[in-house]
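Working notes, structure below.
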Amino acid sequence: MESLHLPVSPPENEAQLLEQARLLAGCSLGELGAMAGLPVPKDLRRDKGWIGILLEMWLGASAGSKPEQDFAAIGVELKTIPIDRQGRPLETTFVCVAPLTGNSGVVWETCHVRHKLKRVLWVPVEGERTIPLAERRVGSPLLWSPSEEEEMQLRRDWEELMDMIVLGQVERITARHGEVLQLRPKAANGQALTDAIGANGETILTRPRGFYLKKPFTAALLARHFLL
DNA sequence: GGATGATCATCC
DNA sequence: GGATGATCATCC
C-alpha cells in the first residue's frame, strides 16, 4: 500500500493513475491542501479553479495551462466535479472553448469536444456550500469513455450547435439548446468580446462561449459507476 | 483574448 | 430550487 506524499510523478498508465486517485478518496481538501503547502481559501468565490489545481498536483498532471490533455502521455483528461450528498453533480462541466470562426468543414471526428471527452478521469468532490471547503472530501474516482449512445448524443448536440455557429446564429443559441451538451458564455466578464459570424455572413463581436456538459448527463455516468 | 482551472449568483 | 447567463484567477 502506497502512502500519500508529493511530488507525484506523471502516471505511466491508467492503472497507476486510478491507483493514485483511489488513495485520495476519502481525504479532505484541508488535508490535501496542507500536505501540498497550498493554503485553503475561505471559499471558492475568487478561487474557482482551486480544487482542480490541487487534484492535478496530487495526481501528477502536467500542471496548469497547457492546451493538451492533463495526462498527455496516456491520453486522459482530468475533471473534478462537485457533487451533493446523493452523488449528483452540483454544476455543469466545462469542456472547452467553442470556436466561433473558421469552422467551415469541421467535423465531429476531429473536433476538440470529442478529443477532450475521449477518456476522462472523473473525481467527485463534496461541493455543498454548507460544508467548509477544508472539510469537503474527495470521492471515488471513475475512469470513463463515452458509450456509443453517449457519443451519439454528444455528436448530435455538437453538430446542431456548430451548424448554428457557422450559419451566423450564435446569438440565438441559449443554454437550452442541446440535450446533453450546451453552449454558454465563458469569459472573464461581460466586456470580453471575440469574433463570430453574423446573420448575414459578416464578422460580428460576441461574448466568448464554451461547451458544457449538462448535469443529467454527468449525473447518469456517475450513477452508473456508483451502482456497479 | 484565449487557454487553463471552474463556480457564482441572479432570475425565472 | 435550479438553470442560465455572468464571472473569477492566472499565464502568456
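Treat the numbers as computed from the prediction; the structure is a model and nothing was measured. Just so it is clear: chains get the letters A, B, ... in the order the sequence lines come, proteins before strands, and each one is counted from 1.
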Contact nearer the 5' end of DNA chain B, comparing A:A98 with A:P185: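 The 5'-side residue here is A:A98.
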Assuming nearest nucleotide by heavy-atom distance, tell me which of A:R184 and A:H112 is located more 5' along DNA chain B.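 Its nearest nucleotide being more 5', the pick is A:H112.
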To the nearest Å, give me how far apart [atom1] ([X]) and [atom2] ([N]) are.
X      : N      : atom1 : atom2 : value
A:L44  : B:dT7  : CG    : C1'   : 7 Å
A:R209 : C:dT7  : CZ    : C1'   : 15 Å
A:W122 : B:dG5  : CH2   : P     : 12 Å
A:I53  : C:dC8  : CD1   : C1'   : 13 Å
A:E91  : C:dA6  : CD    : P     : 16 Å
A:R45  : B:dT10 : CZ    : C1'   : 15 Å
A:E68  : B:dG5  : CD    : P     : 10 Å
A:K42  : B:dC8  : NZ    : C1'   : 13 Å

Any [X] side-chain nitrogen or oxygen under 4.0 Å from OP1 or OP2 of [N]:
X      : N     : answer
A:T194 : B:dG2 : yes
A:R207 : C:dG5 : no
A:K214 : C:dA3 : no
A:T80  : B:dG5 : no

Look at all strands and tell whether [X] reaches a base, only sugar-phosphate, or nothing, counting heavy atoms closer than 4.0 Å.
X      : value
A:T93  : nothing
A:R129 : base
A:G52  : sugar-phosphate
A:K186 : base
A:E77  : sugar-phosphate
A:I51  : nothing

Let me know, please, whether A:P216 or A:K48 comes out on the 5' side of the other along DNA chain C by nearest nucleotide.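 This one resolves to A:P216.
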So if I take every side-chain heavy atom of [X] and compare against [options], which nucleotide ends up nearest?
X      : options             : value
A:A192 : B:dG1, B:dA6, C:dA6 : B:dG1
A:R46  : C:dC8, B:dG5, B:dC8 : C:dC8
A:D70  : B:dT4, B:dC8, C:dC8 : B:dT4
A:V97  : C:dT4, B:dA3, B:dC8 : B:dA3

Quick one: salt bridge (charged side-chain N to carboxylate O under 4.0 Å, His left out) partners of A:R45, sequence neighbours excluded?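 If we apply the salt bridge (charged side-chain N to carboxylate O under 4.0 Å, His left out) test to A:R45, skipping adjacent residues, the hits are A:D43.
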Take a 6.0 Å sphere around [atom1] of [X] and say whether it holds more than 12 heavy atoms from other residues, nucleotides or ligands.
X      : atom1 : result
A:K118 : NZ    : no
A:E159 : CD    : yes
A:H115 : NE2   : no

Please evaluate the base of B:dA6 for a donor-acceptor partner in the side chain of A:Y212 within a cut-off of under 3.5 Å?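 Side chain to base: pair found, below 3.5 Å.
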Of A:L181, A:V95, A:V180, the residue whose pairing with A:W158 passes side-chain contact (heavy atoms from CB on, under 4.5 Å): A:L181
For residues 130-154 of chain A, which residue pairs qualify under salt bridge (Lys or Arg N to Asp or Glu O under 4.0 Å), counting only residues two or more places apart or in two chains?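 Of all non-adjacent pairs touching residues 130-154 of chain A, those that pass salt bridge (Lys or Arg N to Asp or Glu O under 4.0 Å) are A:R114-A:E151, A:E150-A:R224.
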